[in-house]
Number of protein chains: 2
Amino acid sequence: MTQAGKTRRNTAQKDAVRRALASAEGFVSAQDLHRRLDGEGSRVALATVYRQLNALADEGEADIVSTGDEQLFRTCRQPDRHHHHLICENCGNAVEVTPDDEGWFARIAADHGYTVTRHSIEIYGRCPRCQNG
Amino acid sequence: MTQAGKTRRNTAQKDAVRRALASAEGFVSAQDLHRRLDGEGSRVALATVYRQLNALADEGEADIVSTGDEQLFRTCRQPDRHHHHLICENCGNAVEVTPDDEGWFARIAADHGYTVTRHSIEIYGRCPRCQNG
DNA sequence: ATGTATATGAGAACAGATCTCACGAGGAGT
DNA sequence: ACTCCTCGTGAGATCTGTTCTCATATACAT
Ligand SMILES: [Mn+2]
Ligand SMILES: [Mn+2]
Ligand SMILES: [Zn+2]
Ligand SMILES: [Zn+2]
């Protein structure tokens, strides 16, 4: 689904996307980010925003979370640590979290003869600033 | 993203969709199911397959799992118990699983001032029958 | 049997994401 | 600084999964 491929050159567009992503507090969609770039005068094609966001993700600089109908992106805070996200449904703000024990599903999988290749854990809620509304 | 709405009447099409879904062992896409129905001579419009699958999900008879690029459906095996799925990436077969402890994320959320509204946990791998390939 | 609310079918419409390809620009080598 | 080749970009087309529209058909309460 997601187009793959790290990027090999440093372009103005890549910098712009990286900066815009970094300046967003929470998870944002590619289209949001494109709109923000436009708003601040940075003309970057939507396709390029997608390409660079995916590249950043491939390079470990960004996290992607797939809601049912779109992908959201955010600068990764702890690139070296396996983690999941606790995400505010209202504003996209997120906290990177690590379960105390991720071993349970390896055990359950083994019980059923399954081999685990990957897992996805996402927690949605309201952040402190979005409790009302 | 997913169209909502339980259904109030018992139609031939709904029965057909329910049967086809039940006769599929693993998670299948709406389009797969539509193809299968066609194959066995049941002419049900694709839109109706979508409508009824969503209705079945609303009614608790079906589970939906969202891979990044499509939704997969399966008859729910234990409608009354909260659970998640361990899914074979190759054939769609799945086991309904329940973590030993789902309390950890409520605690973490509280630590960060978040209120939890929902969570999503999915484990992907290979089922016993799909180990090779 | 009638009447009315609801489901269906066929195709149009939609939205997110990716692809195409001609053109522009990074940057290694000189 | 100049060249050259490779890779990135822009604009718009295209793809794909899903939902919508609305005229017609059907369930089912009365
Ligand atoms: Mn991260
Ligand atoms: Mn289930
Ligand atoms: Zn928030
Ligand atoms: Zn399998």
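Numbered from 1 within each chain, the chains take letters A, B, ... in sequence-line order.
The six-membered or imidazole ring of B:H85 lies near that of B:F27, with a centre-to-centre distance under 6.0 Å. Aromatic rings of A:H34 and A:Y50 (six-membered ring for Trp) have centroids beyond the 6.0 Å cut-off, not under it. Aromatic rings from B:H119 and B:H82 are positioned such that their centres are separated by under 6.0 Å.
Shown are B:R8, B:R18, B:K14; of these, the salt bridge (charged side-chain N to carboxylate O under 4.0 Å, His left out) with B:E59 is made only by B:K14. Checked options A:E25, A:E61, A:E96; the residue passing with A:R74 is A:E96 (criterion: salt bridge (charged side-chain N to carboxylate O under 4.0 Å, His left out)).
For DNA chain D, the residues of residues 3-23 of chain B within the heavy-atom distance limit of 4.0 Å (strictly under) are B:Q3, B:R9, B:N10, sorted by number. Contact check of residues 25-38 of chain B against DNA chain D (heavy atom, cut-off under 4.0 Å) returns B:Q31.
No side-chain heavy atom of B:I64 sits less than 4.5 Å from a side-chain heavy atom of B:L72.
For the pair B:M1 CE and D:dT16 P, the computed distance is 17 Å after rounding to whole Å. Taking atom CG on B:D69 and atom P on C:dT18, their separation rounds to 10 Å, with Å as the unit. Note: CG (B:L46) to C1' (C:dA7) measures 16 Å, nearest angstrom. Computed from coordinates, the B:E70 CD to D:dC15 C1' distance equals 14 Å when rounded to whole Å. Put simply, CG on A:L53 is 10 Å from P on C:dT18, counting in whole angstrom units. Distance A:R43 CZ to C:dG24 C1': 17 Å, rounded to the nearest Å.
Candidate nucleotides D:dT9, C:dG16, C:dG9 were compared by shortest atom distance to the side chain of B:T48, and C:dG9 ranks first.
Neither OP1 nor OP2 of C:dT18 sits under 4.0 Å from any side-chain N or O of A:Y50. The shortest distance between the side-chain N/O atoms of A:Q52 and the OP1/OP2 oxygens of D:dG8 is not below 4.0 Å.
Side-chain contact of B:T117 with A:E89: a donor-acceptor pair under 3.5 Å is present, judged by distance alone. A donor-acceptor pair shorter than 3.5 Å cannot be found between the side chains of A:S29 and A:Q71.
Between B:R51 and A:A47, the one whose closest nucleotide on DNA chain C sits nearer the 5' end is B:R51.
For the pair B:D58 and B:R51, the salt-bridge criterion is not met [side-chain N within less than 4.0 Å of a carboxylate O].
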